[in-house]
Each structure stands twice: as structure tokens, then as C-alpha cells.
> 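The structure is given below, and queries will be raised subsequently.
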Protein chains: 2
Amino acid sequence: MSQLNSIKVGLLGFGVVGSGTWRVLARNAQEIARRAGRRIEIVRIATRTPSKAISVVGQLVPVSNDMMGLVNDPSIDVVVELIGGTTLARELVLKAIENGKHVVTANKALLAMHGNEIFKAASEKHVTVAFEAAVAGGIPIIKAMREGLTANRIQWLAGIINGTTNFILTEMREKGLPFADVLKQAQALGYAEADPTFDIEGVDAAHKLTLLASIAFGIPVQFDKVYVEGISRLAPEDVVAAGRLGYRIKLLGIAKHREDGVELRVHPCLVPQDKLIANVEGAMNAVVVKGDAVGETLYYGAGAGSEPTASAVVADLVDVARLQTADPEHRVPPLAFQADALADYPILPIEDTITSYYLRLHVEDRPGVMADIARILADGNISINSMIQDPQDDGASIIFLIHKAREGNVVEAIQKIESLSFVKSKVTFIRLEELS
Amino acid sequence: MSQLNSIKVGLLGFGVVGSGTWRVLARNAQEIARRAGRRIEIVRIATRTPSKAISVVGQLVPVSNDMMGLVNDPSIDVVVELIGGTTLARELVLKAIENGKHVVTANKALLAMHGNEIFKAASEKHVTVAFEAAVAGGIPIIKAMREGLTANRIQWLAGIINGTTNFILTEMREKGLPFADVLKQAQALGYAEADPTFDIEGVDAAHKLTLLASIAFGIPVQFDKVYVEGISRLAPEDVVAAGRLGYRIKLLGIAKHREDGVELRVHPCLVPQDKLIANVEGAMNAVVVKGDAVGETLYYGAGAGSEPTASAVVADLVDVARLQTADPEHRVPPLAFQADALADYPILPIEDTITSYYLRLHVEDRPGVMADIARILADGNISINSMIQDPQDDGASIIFLIHKAREGNVVEAIQKIESLSFVKSKVTFIRLEELS
């Protein structure tokens with residue numbers, strides 16, 4: 001074991017994940033070498049503020065802000081990119097590949113937007129681009145799907161892949177608070193950033209979903225085709241009503257393989273509360289994957305944080321250490337499918353989604369209301385699963401759960417319902433997935 | 001992609017899993033080849049009753065009962081062993097290895113008992129022995145631990161790794177029925193075998209735990225040192241009482257790495273009902289793994305059945321197809337750790353287990369009872385977490401939850417309590433894990 005050379009790693013970025021990677025590699029060096037058969041050694045660090053890194057690593061490793069110098073350093077086998085962003089990170093990653101180095105990255109935005117270019121370059125240079133840390137932190141979901149479920153035609157996947165929004169939804173439900181209050185609290189606790197847009201509007205989840213869908217179905221990364229809707233417009237009364245009906249509201253990233261194409265969407269969603277994923281609370285992540293042979297499997301864990309994410313970075317480094325000697329044509333391809341075997345299934349527009357729905361209406365309380373609404377739904381080929389009505393000071397609130405329908409039809413019916421004279425405000429409309 | 005040779009597989013056994021493997025490989029041939037970069041082809045089948053296999057595969061592949069002939073067939077790259085048992089299976093697997101063939105097996109008993117010998121032989125011959133299907137069916141738990149969590153010092157794992165017993169426990173709880181009745185029902189439904197001993201007495205779970213613990217901690221397989229206790233003596237009243245206290249009873253396989261050694265045990269266990277694993281119902285499996293960097297992760301899915309298990313067999317075949325060209329010193333080692341880096345941590349006797357406990361006593365209802373019991377517990381350095389007392393026709397039932405204590409001390413205290421004149425029957429004693 002000890003005769004094998006160590007793997008020489010250059011670390012770009014020394015923030016939350018970078019410092020965690022350093023710490024985990026140092027603390028568990030022996031355990032990791034017992035597994036990998038060789039040591040994994042950070043030999044050079046480049047970061048915007050070297051002083052911070054130096055205060056941790058001391059004189060053990062040279063630290064500078066010369067990122068391109070690191071990428072061009074011939075003594076380095078693997079570049080770990082943890083600086084984030086999509087401009088400089090893209091340049092550095094492409095340069096590392098050009099220099100024949102393997103790359104490990106946690107950068108979901110980079111791969112969701114420039115993945116096709118990066119994976120192509122890596123394939124031409126016979127190097128690996130590993131990115132377990134880019135999706136769901138420490139949960140080995142990329143590996144599970146890419147290597148553990150290779151026997152399967154993946155039918156769909158659905159994931160809680162953003163911890164910030166799951167924390168907010170959990171607090172809204174448990175404490176009955178409105179979105180804005182909980183967001184402030186999440187910011188105070190460090191669960192949400194000062195500018196929380198990427199998280200709360202679903203963009204971060206959409207980056208991750210883009211990668212998961214590619215791996216599941218063997219399609220190129222296509223971030224621009226993901227339908228994205230966040231949680232900022234969710235009302236506490238819908239969270240409560242969902243609970244009364246036996247559901248919880250989660251922000252899900254959903255990818256479904258249908259005969260006629262692929263659904264790719266991120267949005268708040270009612271989920272039956274007896275499903276495990278409905279019980280994933282706080283900042284935790286979980287992904288359900290449905291394969292035709294294996295059935296439903298679920299993967300759960302911390303989706304962010306210093307050491308959970310570092311856990312995935314280091315696992316990728318061990319993979320590189322173990323497998324870099326394999327004939328490149330036989331290594332595990334980054335998107336699970338061989339580069340020349342990707343499919344161009346059409347990505348379906350959101351109007352073509354087929355799922356169930358929760359509708360909440362505010363109406364005047366007078367005879368004929370229900371009949372008119374039911375008629376519009378029936379005309380749109382939409383059938384009602386259940387209904388509850390609550391009297392209110394100024395009329396009534398009606399909630400419908402409707403069976404699977406084409407979204408375009410549902411939206412059209414809602415427009416007709418909103419034009420009825422006794423309907424007093426916009427119809428609230430939330431998708432519902434039975435996940436079975 | 002198409003230029004690469006196909007992988008030639010010889011299939012030993014054509015029962016539930018063997019026929020599922022055939023079916024999945026046939027149905028998803030294209031999907032699998034898109035991932036593996038080459039076709040995976042069953043070229044020969046040997047089974048005890050060839051007629052059954054022939055009725056499925058027809059003339060496509062030669063079928064016989066000549067198992068040793070298959071293992072000696074030079075045209076075969078990989079032998080898939082699905083015949084079960086530990087005598088003939090051991091011979092065939094060792095012979096396949098001797099012949100330089102990779103082996104894929106679902107045989108947990110074989111590996112739990114003869115794993116050290118088999119892995120050593122494979123290492124000497126530079127071939128792979130893959131066994132994802134041996135633990136938790138289609139859940140890629142071996143891969144997750146062996147490759148996905150390599151950054152971590154694994155601290156403990158706890159799994160529902162036997163579907164039969166989880167089905168029985170779910171029915172006992174939901175329907176309030178005694179063990180024997182539910183067992184009969186499970187047998188009628190095909191969830192339990194005619195001789196259910198291996199499942200209900202925890203032996204099957206212990207086989208799987210043996211393998212999981214080796215992979216988690218880098219120790220040899222040591223089935224003979226696992227403490228094993230089944231569910232056949234569980235009373236319905238304890239299932240109900242656990243629910244009142246906020247717990248569910250599950251049969252868990254638990255492996256803990258302590259400073260002074262390793263706990264390896266299979267037994268019924270109270271688990272907080274707000275933990276995801278407590279909500280794994282019916283015949284499903286789940287494993288929680290706690291790593292020092294990643295924290296808790298959980299893996300859930302079908303733990304048995306034809307195609308879920310075949311899903312794991314085929315995933316192993318794809319791994320072999322992808323990685324067989326890697327330098328053997330760099331491939332993923334079967335027990336996650338390099339063969340020369342296994343540790344000989346002592347396996348602790350059950351008396352040295354440290355956990356929490358549920359105790360139920362049947363006593364006469366008179367003054368001083370509680371004082372005497374509390375004194376005995378205190379003398380044994382055992383502290384009480386909570387207590388509930390219920391009057392009964394002939395005295396009272398008292399339930400204690402006690403804080404973490406050394407099991408030897410608890411057993412000693414119980415013996416003293418049982419000798420008290422007002423204690424009317426044996427003390428019921430169930431371990432409790434907070435899993436945090």
C-alpha cells in the first residue's frame with residue numbers, strides 16, 4: 001500500500017467547503033489511505049484571501065492567490081475547484097482539463113450551465129470531472145444513480161435538494177408563520193444568504209435538478225429548459241390546509257421520463273405525509289429515485305455545510321485515486337451514460353406537465369357556485385378528487401384536490417373560474433405529486 | 001461504443017433472482033449498454049432444473065445443470081452466483097476465481113461465513129468479487145459506504161435489513177396482533193418462508209450486518225461474533241407501549257465503532273418515531289450510516305424481490321464492465337479497505353454494549369415497590385429517564401426507559417429485581433437506540 005505514490009491535489013478556494021476539505025483530509029488521512037491504497041495530499045492552495053488559508057494550513061502547503069499558476073502546475077494530478085461562480089471557474093476548469101488534470105468540483109451552477117462543454121473537453125483529454133459535492137452535499141446521490149442503479153430505466157426522480165427552502169417550509173408549518181418572517185429568521189441563523197434569491201426562487205435546486213436529470217436519463221445538461229418556481233408566494237393558510245388534507249408542502253425538483261419527452265421542473269408541491277420524503281425536515285435533503293427494476297429508493301442526508309460537502313469532494317478524490325489507471329473508455333462517464341450515447345429526448349414545456357393539483361378559491365357564499373365551478377372543470381376534462389369548503393367572514397374558501405390532468409387544461413380552467421362574478425380573488429394553484 | 005467486446009456472463013442459478021437478472025438484462029439491454037459502453041451478455045446458464053430456465057430463455061443461451069462446467073468455461077468473463085447455500089456455492093466461487101473470472105454474488109451467508117477466504121483468493125488472482133445484491137436488495141448501500149463515504153470515519157450504522165421481520169412488526173403495530181398470527185399471515189402472503197427461522201431469529205440480518213460492518217470499519221468478516229436476537233418473543237403489549245412512549249420497535253442490525261472495540265448486534269430495538277428509519281414500513285429496508293464528516297445519511301428501498309435484487313446484480317456487472325481494465329491495485333477493494341489495511345478491532349461481547357433500555361415489570365401494587373426497584377437501579381449505576389405505571393387486574397405494570405448504561409449492569413440489576421418478592425414475572429427487556 002505505502003509504495004504507491006500519493007495523489008497530488010491542488011485546491012482552488014478555501015471557503016466553507018475548501019477549509020472543510022482540508023480538515024477532513026487531515027483528520028482522516030489514515031482512514032482514507034487505508035481505503036484508497038495511497039495518500040491524498042493537498043500540495044498547493046490558491047484562494048482570493050491567502051491569509052485566511054495560511055492561518056489554517058500554516059507552512060505545510062504553499063498558499064497564494066495565483067489560481068492559474070496552480071492549474072498550470074505540472075506536479076498536480078487533480079484540481080479541486082471550490083471558488084464558485086461560472087466565469088473564472090469555467091476558465092480554470094477548462095485549463096486544468098487541457099493540462100490533462102482530473103477535476104473535482106462542487107460547482108452546480110458551472111456544470112448546469114457549461115457542463116456539456118466541460119464534459120466534452122474532459123472526454124477528449126481522457127480525464128475525469130467528478131462532482132458528487134454539487135448535488136445534495138454529502139449524500140452520494142450521483143454515485144448511487146450513476147453506478148448503483150445502472151440496471152434500471154429511471155422513470156422519475158423527485159428531490160428536496162435545497163436545504164434553505166426546506167428549513168423555511170418546515171418552520172412555516174411547525175410555527176404557522178408567514179414566509180417573510182421565517183426567511184428573516186433563516187437569515188439570522190445563517191441558513192439563508194443576505195440575498196436569498198437563488199435559494200428561495202428555486203434556481204439552486206434547478207441547477208442540481210439539471211445534473212440529476214442528465215444522469216438519470218442520459219441527456220445533455222439543459223438548465224435553460226427547467227421550469228422554475230420558488231416558495232416566496234406560498235401562504236401559511238395553504239401550508240395548514242395541506243396538513244388537514246394529509247399532505248406536506250415541499251420544494252421539489254422533479255424529473256420524469258415520459259413516452260413523449262422529459263418533464264423538468266422545480267416548484268412547491270404537496271406530497272402525501274406518509275411518504276418518507278414528506279418527513280424530511282429542516283435543512284436536510286433527500287432524493288427519491290424510481291427505477292423500473294428496483295422500484296423506489298430514497299437517499300437522505302445533509303445537503304450542505306462544510307464537512308458534509310467536503311465528504312463528497314474527498315469521495316471523488318478517492319474515486320480518482322482508485323480508478324485513474326482504468327482504460328478511459330471503461331471509466332465511469334460523468335453523466336452516467338457514454339458521451340456518444342446521450343439521447344435528445346424533448347424537454348416538455350410546463351403546460352404539458354401531467355400531475356395532480358391543489359386549488360384554493362375565495363368565493364361568495366351563494367347557491368350555484370359549486371355547480372358553475374364543477375362544470376368548468378368537467379369541460380376541461382379535469383376530475384375532482386376531493387373538496388373542502390370553509391365559511392369565512394366575507395364568503396367561503398373552497399379547496400379542490402384534482403386528479404391528474406394536463407397543466408395547460410388546468411390553467412385554462414382556472415382562468416375561466418377567475419372570470420366568474422362570484423370568485424373574489426386569484427385562484428391559488430399548487431401542484432401535487434403522489435410519488436407512487 | 002459498439003466496438004468494445006461484450007462482457008460474457010455465466011449465470012449459476014435461475015430462481016427468483018436469476019430469472020429477474022435475465023429479464024432485466026434483456027429488457028434494458030440498450031439502456032445498460034449506453035451506460036456500460038458495451039453489452040452485458042449472458043452466454044451460459046447452469047441450474048438444478050434446466051427445464052424451468054429453458055422455458056424462459058428458449059434457445060438463446062445454452063442451459064444445463066453442469067455448474068462446474070460453466071465455471072471452467074474459458075469463454076466466460078464473469079460468473080454470477082445465485083444458487084445460495086454455503087457448500088457448493090463456495091466451491092464454485094473459489095473455482096471461478098482460480099480460473100481468473102470475476103464473481104458477482106447475492107449470497108450473504110456465503111460471504112458472511114467464508115468471505116475472508118474468498119476475498120483473499122480474489123485479491124491474489126486480481127479479480128473482483130462484487131456483492132451489492134447480498135445486502136438490502138436493490139439499495140446501493142454497499143457502493144454508498146464503500147465509495148460514497150470514503151472520506152469518513154464511520155461511527156455507527158443501523159439498518160432494517162430484513163424485510164420479513166419488518167413486515168411482521170408493521171402488522172403487529174398497525175393491527176395489534178400477536179407475533180404468531182402475523183407470521184402465519186406473512187407465510188400465506190409469501191413474505192415469510194415455510195421455515196422462517198433464518199429471518200425471524202435475526203440470522204439473515206446478522207449475515208448482512210457482518211458485511212456492512214466490515215465495509216464500514218475495515219475489519220475482516222466475523223459472523224460468529226455477532227450477537228443475534230430475533231423478534232419471536234416480542235409481545236404485542238410492548239409494541240403498543242413503545243408507541244405510547246413515542247417509539248417504534250424495529251429489528252435493527254447495529255454496528256458501532258467505539259474507542260475500545262466494535263459492537264455488532266442484531267435485535268429488536270425501540271427507535272424514536274420521528275426518525276425516518278422508524279417510519280420504514282412493510283417489507284422495505286433502510287440503513288442509516290453516521291460518518292464523522294457527512295453526519296447521518298439514510299438509504300431506503302426494496303430489500304428483496306426478483307427485480308430489486310437483480311438491479312444490484314446488474315449494477316455489479318456494469319461495474320465490472322467499466323472497471324476491469326483498471327490496475328488491480330487501484331480497483332475498489334471488496335471490503336472498501338485495502339486487503340493489507342484491515343484492522344483487528346476487538347468485537348465486544350454483548351455485556352459491554354452501551355445503550356438505552358426499555359424495561360417492563362409486572363408487580364404487586366403496594367407501597368415501597370418503586371423505592372426498592374429504584375434503589376437496585378441506582379446501585380447498578382443506572383439512571384431512569386422516564387416511567388409509566390398502569391394498574392392491572394392483578395397488580396400493576398411498570399415501564400421504565402433507562403438512560404445509556406452498560407448492558408452487563410442492566411442484566412445484573414434485572415436479576416436482582418426479579419428476585420424481589422413483589423415482582424410477579426420475568427422482566428421484559430428491549431434495547432433502545434436514539435440514533436443520534
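In what follows, every heavy atom counts, from backbone to side chain, and hydrogens, waters and symmetry copies are set aside. Just so we're on the same page: letters track the sequence lines, and every chain starts at 1.
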> Nearest heavy-atom pair of B:Val129 and B:Ala122: which atoms, and what distance?
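Nearest pair, atom of B:Val129 first, then B:Ala122: CG2-CB, 3.5 Å.
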> Check whether any side-chain heavy atom of A:Arg258 sits under 4.5 Å from a side-chain heavy atom of A:Trp156, and report yes or no.
no
> Of all heavy-atom pairs between A:Ala151 and B:Ser311, which one has the smallest distance, and what is that distance?
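For A:Ala151 and B:Ser311, the tightest heavy-atom pair comes out as CB-O, 3.6 Å.
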> A:Leu11 pairs by side chain to side chain contact (heavy atoms under 4.5 Å, CB included) with which of A:Val313, A:Val78, A:Val80?
A:Val80
> For chain A, which residues from residues 15-28 of chain B have at least one heavy atom closer than 4.5 Å to it?
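Answer by number: B:Val24, B:Arg27, B:Asn28.
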> Check whether any side-chain heavy atom of B:Phe337 sits under 4.5 Å from a side-chain heavy atom of A:Arg35, and report yes or no.
yes
> Side chain from CB out, backbone as N, CA, C, O: work out which of these in A:Leu335 comes under 4.5 Å of a heavy atom of chain B, or both, or neither.
neither
> Under 6.0 Å from the CZ atom of A:Arg39, do we count more than 12 heavy atoms belonging to anything else shown?
no
> Relative to chain A, which segment of B:Ala339 carries a heavy atom at a distance below 4.5 Å: side chain, backbone, both, or neither?
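The answer is neither part of B:Ala339.
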> So for A:Glu31, is it side chain, backbone, both, or neither that comes closer than 4.5 Å to the heavy atoms of chain B?
both
> Checking side chain to side chain contact (heavy atoms under 4.5 Å, CB included) for the pair A:Ile141/A:Glu132: CA distance, chi angles, key distance, verdict?
CA-CA 7 Å; A:Ile141 178 66; A:Glu132 185 64 79; 4.0 Å; yes
> Please flag which part of B:Asp274 lies under 4.5 Å from any non-hydrogen atom of chain A: side chain, backbone, both or neither.
neither
> For the interface with chain B, which of A:Ile139, A:Thr297, A:Ile32, A:Leu276 has the highest count of heavy-atom pairs at distances below 4.5 Å?
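Counting heavy-atom pairs under 4.5 Å, the top option is A:Leu276.
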> Tell me, out of B:Asp319, B:Leu317, B:Val318, B:Leu298, who's got the most heavy-atom pairs with chain A below 4.5 Å.
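Ranked by heavy-atom pairs under 4.5 Å with chain A, first place is B:Leu298.
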> Let's test your reading of the structure: which of A:Ile154, A:Ile40, A:Asn152 forms the most heavy-atom pairs below 4.5 Å with chain B?
A:Asn152
> How would you list, by chain and number, every residue that makes a side chain to side chain contact (heavy atoms under 4.5 Å, CB included) with A:Glu124, sequence neighbours excluded?
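Testing A:Glu124 for side chain to side chain contact (heavy atoms under 4.5 Å, CB included), a comparison that skips the adjacent residues, returns A:Lys120.
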> Counting heavy-atom pairs under 4.5 Å with chain A, which one of B:Asp292, B:Asp316, B:Val314 comes out on top?
B:Asp292
> With a sphere of 6.0 Å drawn around OH of B:Tyr191, does it hold more than 12 non-hydrogen atoms of other residues, nucleotides or ligands?
no
> Under 3.5 Å, is there a donor on one side chain and an acceptor on the other for B:Tyr345 and B:Glu259?
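Absent: no donor and acceptor within the cut-off.
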> Please rank A:Gly291, A:Gly148, A:Gly137 by heavy-atom pairs under 4.5 Å with chain B and give me the top one.
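If we count pairs closer than 4.5 Å to chain B, A:Gly148 comes out on top.
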> Please output the residues of residues 279-290 of chain B in contact with chain A, using a heavy-atom cutoff of under 4.5 Å, in numerical order.
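Listed by number, the contacting residues are B:Asn279, B:Val280, B:Met284.
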> Can you find a pair of side-chain heavy atoms, one from A:Pro333 and one from B:Arg322, that are under 4.5 Å apart?
yes
> Using a 4.5 Å cut-off on heavy atoms from C-beta on, say whether the side chain of A:Val271 contacts that of A:Arg248.
no
> Show the nearest heavy-atom pair for residues B:Ala106 and B:Ala133, with the distance to one decimal.
CB-CB, 3.7 Å
> Which residues in residues 301-308 of chain B have a heavy atom less than 4.5 Å from any heavy atom of chain A?
B:Gly301, B:Ala302, B:Glu307, B:Pro308
> Which region of B:Glu147, side chain (C-beta onward) or backbone (N, CA, C, O), has a non-hydrogen atom less than 4.5 Å from a non-hydrogen atom of chain A, or is it both or neither?
both
> Show the nearest heavy-atom pair for residues B:Ala315 and A:Thr150, with the distance to one decimal.
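Closest approach of B:Ala315 to A:Thr150, heavy atoms only: CA-OG1, 3.3 Å.
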> Indicate the atoms forming the closest heavy-atom contact of B:Val262 with B:His257, along with that distance.
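That would be CG2-CD2, 4.1 Å.
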> Is there a side-chain contact between A:Tyr247 and A:Glu434, using heavy atoms and a 4.5 Å cut-off?
yes
> Does the side chain of A:Thr170 reach to within under 4.5 Å of the side chain of A:Lys250, using non-hydrogen atoms?
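SC-SC contact between A:Thr170 and A:Lys250 confirmed.
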> Who among A:Leu342, A:Thr309, A:Leu149 has the most heavy-atom pairs with chain B under 4.5 Å?
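Result: the option with the highest number of such pairs is A:Leu149.
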> Measure the acute angle between the ring planes of A:Tyr299 and B:Tyr299, then classify it against the limits of 30° and 60° as parallel, tilted or perpendicular.
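If you compare the ring of A:Tyr299 with that of B:Tyr299, the planes turn out perpendicular.
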